[in-house]
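Below is one structure, written out as structure tokens; comments come after it.
From a predicted model like this one, the values you see are computed outputs, not experimental measurements. Every chain is numbered from 1 and lettered A, B, ... according to where its sequence line falls, protein lines coming before strand lines.
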Amino acid sequence: MVLDVDFIRFFKALQKGVGNIAYHVVNEVEEVRYVAAVDAAYSKNGRIASASLVYDVNEDRIVEERSYITSVSIPYVPGLLFLREGPYMLKTVELLHHRWDLLLVDAHGRAHPRRAGMATFLGICVGKPTLGIAKRLLTGRVAKPDMRVSEIIENGDRIGYSFIDTHGRRFYVSQGFGVSYEAIPDIIKKLGGYPRALTLVDKMSKRLIREKVQ
DNA sequence: GCGACAG
DNA sequence: ATCTTGTCGC
């Protein structure tokens, strides 16, 4: 499928609208014990493997894993990742049966040019708390690059946080849905840096491509 | 106009 | 995201 200029304009307008209201609604996430994570990997022959899991932070173990493999039909357009991966990520998240408190998404949430990244849309779709956790910045600038914890600012908006974990690797966290800006540092602290649930779900999606699709 | 650009 | 060899560091 192609994304012509009218579709791109429409979806960008939709993002702007969602970004304007998404963070006014905050049913603050309570307990953070069962953490869900979702990611996707691709094969060269146009297939996508989306994986999800529920991780028990207290017991340090996976309690459920789900996956979904299909063909990708929408191209990647910077800023419109949710169109390409959203449908499949939503699918695998909906396959989870176990209770979960917070969903971690391998993408941005509020730290987006129009303040509505993939994590924002997934949160609105499932109506539960989500956080966007990315390895690279899409927009904005890190206020204090040398600090282990710093805000990400753009045009005076505090759109997320930059963290440097104990291994020196940087990652970016922003609100998806149902989580206040202020709660982010404590949640990352509780998760002990870059969430193991995300590392595990990343490996899982890549393994699916390797073993089931090639 | 030029560069940047989650995954 | 994916395509890839050697290479830096613990």
Side-chain angles (χ1 to χ4, degrees), chain A residues 1 3 5 8-9 11-12 14-16 18-19 22 37-52 67-93 103-125 130-142 145 152-155 157 159-177 184 188 193-195 197-214:
Chain A
M1 185 196 184
L3 271 181
V5 290
I8 290 177
R9 275 187 64 256
F11 284 120
K12 286 186 173 179
L14 175 64
Q15 286 180 316
K16 217 164 180 176
V18 166
V38 63
D39 195 12
Y42 302 85
S43 72
K44 36 193 163 187
N45 40 13
R47 305 275 288 172
I48 179 171
S50 177
S52 67
S67 63
Y68 178 63
I69 298 175
T70 188
S71 301
V72 264
S73 49
I74 303 248
Y76 171 67
V77 175
L80 294 179
L81 177 68
F82 83 109
L83 285 181
R84 180 167 162 89
E85 295 189 354
Y88 316 121
M89 287 194 165
L90 176 63
K91 172 79 176 178
T92 42
V93 169
L103 172 66
L104 307 179
V105 186
D106 187 12
H108 287 293
R110 194 177 192 167
H112 180 280
R114 292 168 293 281
R115 309 291 181 262
M118 169 90 86
T120 309
F121 279 92
L122 281 183
I124 285 177
C125 287
T130 63
L131 276 183
I133 302 190
K135 295 174 269 324
R136 291 170 6 179
L137 207 56
L138 173 62
T139 197
R141 51 166 260 279
V142 178
I152 302 169
I153 311 285
E154 185 175 65
N155 300 329
D157 292 339
I159 60 177
Y161 287 92
S162 159
F163 293 91
I164 298 176
D165 71 15
T166 51
H167 307 299
R169 55 178 178 170
R170 188 185 290 276
F171 61 99
Y172 309 93
V173 183
S174 63
Q175 298 169 80
F177 187 72
I184 292 177
I188 295 304
Y194 189 83
L198 274 178
T199 305
L200 291 169
V201 80
D202 174 76
K203 283 181 185 167
M204 185 184 161
S205 64
K206 288 186 168 75
R207 177 166 47 76
L208 285 164
I209 287 292
R210 191 165 9 93
E211 295 174 0
K212 298 214 167 190
V213 184
Q214 184 185 85

**Asked** Between A:Arg207 (CZ) and C:dT2 (C1'), how many Å, whole number?
**Response** 19 Å
**Request:** Rounded off to whole Å, could you give me the CG-to-P distance for the A:Leu80 and C:dA1 pair?
**Result:** 18 Å
**Item:** Atom-to-atom span, CG of A:Asp39 to P of B:dG7 - whole angstrom
**Value:** 9 Å
**Request:** Send over the distance from A:Tyr88 OH to C:dA1 P, rounded to a whole Å.
**Result:** 17 Å
**Asked** Rounding to a whole Å, what distance do you find between A:Leu81:CG and C:dA1:P?
**Response** 10 Å
**Prompt:** Looking only at heavy atoms, what is the nearest atom pair of A:Thr120 and A:Gln175, with distance?
**Reply:** OG1-O, 4.0 Å
**Message:** Could you check whether any side-chain heavy atom of A:Arg114 comes within less than 4.5 Å of a side-chain heavy atom of A:Thr139, counting everything from C-beta outward?
**Reply:** no
**Asked** Considering only heavy atoms, which members of residues 104-119 of chain A lie under 4.0 Å from some atom of DNA chain B?
**Response** A:Asp106, A:Ala107, A:His108, A:His112, A:Gly117, A:Met118
**Asked** Under 4.0 Å between a Lys/Arg side-chain N and an Asp/Glu carboxylate O for A:Asp39 and A:Lys203?
**Response** no
**Request:** Give the ring-plane orientation class for A:Phe82 versus A:Phe11, where under 30° counts as parallel, over 60° as perpendicular and anything between as tilted.
**Result:** perpendicular
**Message:** Set out, in order, the CA-CA distance, both residues' side-chain angles and the distance that settles side chain to side chain contact (heavy atoms under 4.5 Å, CB included) for A:Tyr42 and A:Ile48, then state yes or no.
**Reply:** CA-CA 4 Å; A:Tyr42 302 85; A:Ile48 179 171; 3.7 Å; yes
**Prompt:** Between atom CG in A:Leu122 and atom C1' in B:dG7, what is the gap in whole Å?
**Reply:** 13 Å
**Request:** Taking the side chain as every heavy atom from C-beta outward, state whether A:Gln15 and A:Phe121 have any pair of such atoms under 4.5 Å apart.
**Result:** yes
**Prompt:** When the distance from CG of A:Leu138 to P of B:dG7 is rounded to whole Å, what number comes out?
**Reply:** 9 Å
**Message:** Ignoring hydrogens, what is the shortest heavy-atom contact between A:Gly86 and A:Leu122? Give both atom names and the distance.
**Reply:** O-CD2, 4.1 Å
**Asked** How close or far is atom C1' of C:dT2 from atom CZ of A:Arg47, stated in whole angstroms?
**Response** 17 Å
**Asked** How many angstroms lie between CD1 in A:Ile184 and CZ in A:Arg110, if you round to the nearest 0.5 Å?
**Response** 9.0 Å
**Request:** Examine B:dG7: is either OP1 or OP2 under 4.0 Å from a nitrogen or oxygen in the side chain of A:Arg136? Give yes or no.
**Result:** yes
**Message:** Considering every strand and a 4.0 Å limit on heavy-atom distances, what is the contact class for A:Gly132: base, sugar-phosphate, or nothing?
**Reply:** nothing
**Intra- and interstrand pairs of DNA chain B - dot-bracket, Watson-Crick/G-U under 3.5 Å, | marks other strand** = .......
**Message:** Looking at every heavy atom in both A:His108 and A:Ser174, which two are closest together, and how far apart are they?
**Reply:** C-OG, 3.9 Å
**Prompt:** Side-chain N or O of A:Lys206 less than 4.0 angstrom from OP1 or OP2 on C:dA1?
**Reply:** yes
**Stacked pair A:Tyr76-C:dA1, distance under 5.5 Å, angle under 30°** = no
